[in-house]
Amino acid sequence: MSDPFLGGRDFDGLLVQHFDEYIKTKYKMNVLTNEKATLKLWKECERVKRILSANSKVIFNVEYIMNDTDVKGD
């Protein structure tokens, strides 16, 4: 059964949570404490969602997300 109130923004939020945990684990940074980094993360998660709608795999990549650090993942 599907949820008619679950939308694209909800999925973006789930991706943000997932990649926030990934970045905390791999890069030891909490990007959600920095407004600019958070906006970059949301933008990349929206891009990832669009690509995943047509592909089964996508590379996650944000340049200079915080402290001049690039983050990557898949």
Side-chain angles (χ1 to χ4, degrees):
M1 183 161 220
S2 66
D3 184 349
F5 299 105
L6 185 65
R9 200 73 174 151
D10 298 313
F11 191 74
D12 292 347
L14 292 173
L15 286 173
V16 167
Q17 289 175 7
H18 170 76
F19 283 112
D20 175 53
E21 288 300 318
Y22 172 78
I23 293 167
K24 282 179 187 175
T25 303
K26 185 168 182 180
Y27 296 95
K28 309 294 187 245
M29 292 187 297
N30 186 355
V31 296
L32 297 182
T33 61
N34 181 300
E35 187 176 343
K36 188 173 180 180
T38 301
L39 292 173
K40 286 182 177 185
L41 180 60
W42 273 91
K43 184 176 178 182
E44 180 63 9
C45 287
E46 290 172 0
R47 184 190 75 81
V48 165
K49 177 187 70 178
R50 284 192 306 273
I51 293 173
L52 283 174
S53 70
N55 299 288
S56 61
K57 190 167 183 171
V58 63
I59 301 295
F60 172 83
N61 182 33
V62 183
E63 294 179 353
Y64 303 109
I65 192 164
M66 198 167 127
N67 303 329
D68 294 329
T69 303
D70 298 341
V71 295
K72 295 181 183 181
D74 53 329

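Here the structure is a predicted model, which means the values were calculated and not measured.
With rounding to the nearest 0.5 angstrom, the OG1 atom of T69 is 4.5 Å from the CE atom of M29. Rounding to the nearest 0.5 angstrom, the gap separating the CZ atom in F60 from the CG atom in L41 is 5.0 Å. Separation of atoms CE (M66) and OH (Y27) is listed at 13.5 Å; rounding is to 0.5 Å. Going from atom OG1 of T25 over to atom CG of D20 covers 9.0 Å, rounded to the nearest 0.5 Å. Within the model, atoms CG of L14 and CZ of R9 stand 12.0 Å from one another, a figure rounded to the nearest 0.5 Å. Expressed to the nearest 0.5 Å, how far CD1 of I65 lies from CD1 of I23 amounts to 4.0 Å.
Follow the hydrophobic side-chain contacts under 4.5 Å out from Y64 and you never reach L32; the two are in separate clusters. Note: the hydrophobic cluster containing L39 does not contain Y22 (ILVMFWY, side chain heavy atoms under 4.5 Å, direct or indirect links).
A salt bridge does not link E46 with K49: every distance from a Lys NZ or Arg NE/NH1/NH2 to an Asp or Glu carboxylate oxygen is 4.0 Å or more.
Between G13 and W42, the shortest heavy-atom contact is CA-CH2, 3.6 Å. Looking at every heavy atom in both residues, V31 comes nearest to A37 through O-CB, 3.7 Å. When every heavy atom of K40 is checked against every heavy atom of V62, the shortest pair comes out as CB-CG1, 4.0 Å.
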Practice item. Apply salt bridge (Lys or Arg N to Asp or Glu O under 4.0 Å) to K24 and E21, showing your working. Key: CA-CA 5 Å; K24 282 179 187 175; E21 288 300 318; 3.7 Å; yes
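N34 places a side-chain N or O within donor-acceptor distance of the main-chain N or O of K36, the cut-off being under 3.5 Å.
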